[in-house]
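We use all heavy atoms of the structure for the numbers below, so side chains are in, but hydrogens, waters and symmetry mates are not. Both ligands and their constituent atoms are indexed starting at 1 by order of listing.
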Amino acid sequence: MTDQIQELAQLVTESERTVVFTGAGVSTESGIPDFRSPGGIWSRYDPEDFTIQRFVSSPAARRAFWQMSSEGGLLADAEPNSAHYAIAELHRSGKLDCVITQNIDNLHQKAGVPDDRVFELHGNMQRVVCLGCRSRFPMPEMVQKFQVGLDIPDCPGCRGILKPDAVLFGEALPVVTLREATRRAQRCDLCIVIGSALVVYPAAYVPAYAREAGARLAIVNLTPTPLDHEAVVCIQGKAGEVMPRVLERVK
Ligand code: APR
């Protein structure tokens, strides 16, 4: 693996404009389970309960969400791990164009990547959005309302349904974010995929767009992905161990 780490460090050194594409695997070492590994979220919860249709039509589904949130079950106190910090270091070195992430945990920003350099294709759990008037509110404020009254909080402005500002199954991805992320992927010269199974679309198209536009592709993932054969370097290892070792070797 050391040679592969040196090879990825060399790709970063040569890069003028690196895009990092992350999935849940970059946050597992922060204590947040991913979705498809053994013991992952979809082995314990039914994805059907996380569709927009179910959330809007079923007060029980909404109550379950607020209950899970109030138990801190949604990333409330997670901290960045060494992979997030290595990516933030890439930003400080001037090499990083942006992070395009499927994650909703805000950990890239917490590690020091500026908000305007993080494109969250699946939204962010730090906020809730009103389905009526589209107002947004901080998640902790609404969780506190639920904890005090144990009623499902609704929009303080229009009494509409409040939904996590994360993309639920059956919802469209944020169009402006997806368009800008795609544009960035198509003009980078290196795309590093970290911690994603690359099986959920349209997000998983992003690294393929980079590759098709001529960027070199690198993958750091514990298990094989459908794009491994397109990667210049493919490291099967833990992001929190690999990425700091790569950054140490970047000149
Ligand atoms: N280091 C590197 N890779 C890891 C680590 C780690 N510490 N931990 C897990 N992985 C790898 C797993 O092997 C897996 O291939 O990360 C990948 C995570 O894949 P998924 O669980 O499918 O997560 P992700 O690709 O982000 O899923 C995409 O699916 O359910 C939806 O909206 C959800 O955003 C999510 C989307």
Would Arg36 count as being in polar contact with ligand 1, using the rule that some N or O on each side must be under 3.5 angstrom apart? yes
For Phe169, the atoms of ligand 1 under 4.0 Å from one of its heavy atoms are 30 (O)
Just by distance, no angles: are the side chains of Asn124 and Asn106 close enough, under 3.5 Å, to form a donor-acceptor pair? yes
- prompt: Between the side chain of Arg249 and the main-chain N/O of Arg245, is any donor-acceptor distance below 3.5 Å?
  reply: yes
Counting distance only, does the side-chain N/O of Arg184 pair as donor-acceptor with the main-chain N or O of Val19 below 3.5 Å? no
Within 4.0 Å of some non-hydrogen atom of Gly195, the atoms of ligand 1 are 3 (N), 16 (O), 17 (C), 18 (C)
Gly23 heavy atoms within 4.0 Å reach ligand 1 at atoms 26 (O)
Of all protein heavy atoms, the one nearest atom 5 (C) of ligand 1 is Gly25 O, 3.2 Å
Item checked: ligand 1 N/O within reach of Ala239 N/O, cut-off under 3.5 Å -> yes
Of all heavy-atom pairs linking Cys98 and Phe119, the shortest is CB-CE1, 3.6 Å
When distances are taken from atom 35 (C) of ligand 1, the protein heavy atom at minimum range is Phe35 CE1, 3.6 Å
Atoms of ligand 1 under 4.0 Å from any heavy atom of Ala197, numbered from 1 in the order shown, are 15 (O), 17 (C), 18 (C), 19 (O), 22 (O), 25 (O)
Notebook entry, point to check: Would you find a donor on one side and an acceptor on the other, under 3.5 Å apart, between the side chain of Lys95 and the backbone of Thr18?
Noted result: no
Residue, atom and distance of the protein heavy atom nearest atom 7 (N) of ligand 1 read Glu29 OE2, 2.8 Å
### Query
Should the pair Trp42 and Phe169 be assigned to parallel (<30°), tilted (30 to 60°) or perpendicular (>60°) ring geometry?
tilted
- Task: Please determine if Thr223 has a nitrogen or oxygen closer than 3.5 Å to a nitrogen or oxygen of ligand 1.
- Result: yes
The protein heavy atom nearest to atom 8 (N) of ligand 1 is Thr28 OG1, 2.9 Å
re atom 9 (C) of ligand 1, the protein heavy-atom contact at minimum distance is Asp34 OD2, 3.3 Å
Closest to atom 2 (C) of ligand 1 among protein heavy atoms sits Gly237 O, 3.3 Å
Would you call Glu89 and Arg92 a salt bridge, using N to O less than 4.0 angstrom?
yes
- prompt: Gln102 side chain to His122 main-chain N or O, any donor-acceptor pair under 3.5 Å?
  reply: no
Val220-ligand 1 polar pair, N/O distance under 3.5 Å: no
### Query
Hey, does the side chain of Arg62 reach the backbone of Ile161 with a donor-acceptor pair shorter than 3.5 angstrom?
no
Closer than 3.5 angstrom, by distance alone: can the side chain of Arg136 be matched with the main-chain N or O of Cys130 as a donor-acceptor pair?
no
Quick look: His122 vs ligand 1, heavy-atom contacts under 4.0 Å, and the answer is side chain
Closest to atom 15 (O) of ligand 1 by heavy-atom distance, out of Thr225, Ile235, Asn221, Leu121, is Asn221
Any heavy atom of Ser37 sitting closer than 4.0 Å to ligand 1?
yes
| task | May I ask you to decide if Gly240's main-chain N or O and Ser82's side chain share a donor-acceptor pair within less than 3.5 Å? | result | yes
In ligand 1, the atoms that come under 4.0 Å of a heavy atom of Lys238 are 1 (N)
Checklist entry - So is Ala24 polar-close to ligand 1, meaning N/O to N/O under 3.5 Å? => result yes
the protein heavy atom lying closest to atom 36 (C) of ligand 1 turns out to be Val200 CG2, 3.8 Å
**Message:** Any atom of ligand 1 sitting under 4.0 Å from a heavy atom of Ala203?
**Reply:** no
Looking only at non-hydrogen atoms, the one of Ser196, Gly123, Ala204 nearest atom 25 (O) of ligand 1 is Ser196
Review point. Taking N or O atoms only and a 3.5 Å limit, does Val199 qualify as a polar contact for ligand 1?
Key: no
If the plane angle is over 60° it's perpendicular, under 30° parallel, otherwise tilted; pick one for Tyr205 and Tyr209. parallel
If you scan protein heavy atoms around atom 30 (O) of ligand 1, the nearest is Trp42 NE1, 2.9 Å
Taking Asp189's backbone N and O only, do any of them form a donor-acceptor pair with Arg216's side chain (distance below 3.5 Å, no angle check)? no
- For the pair Lys145 and Glu141, find out whether any cationic side-chain nitrogen is under 4.0 Å from an anionic carboxylate oxygen. no
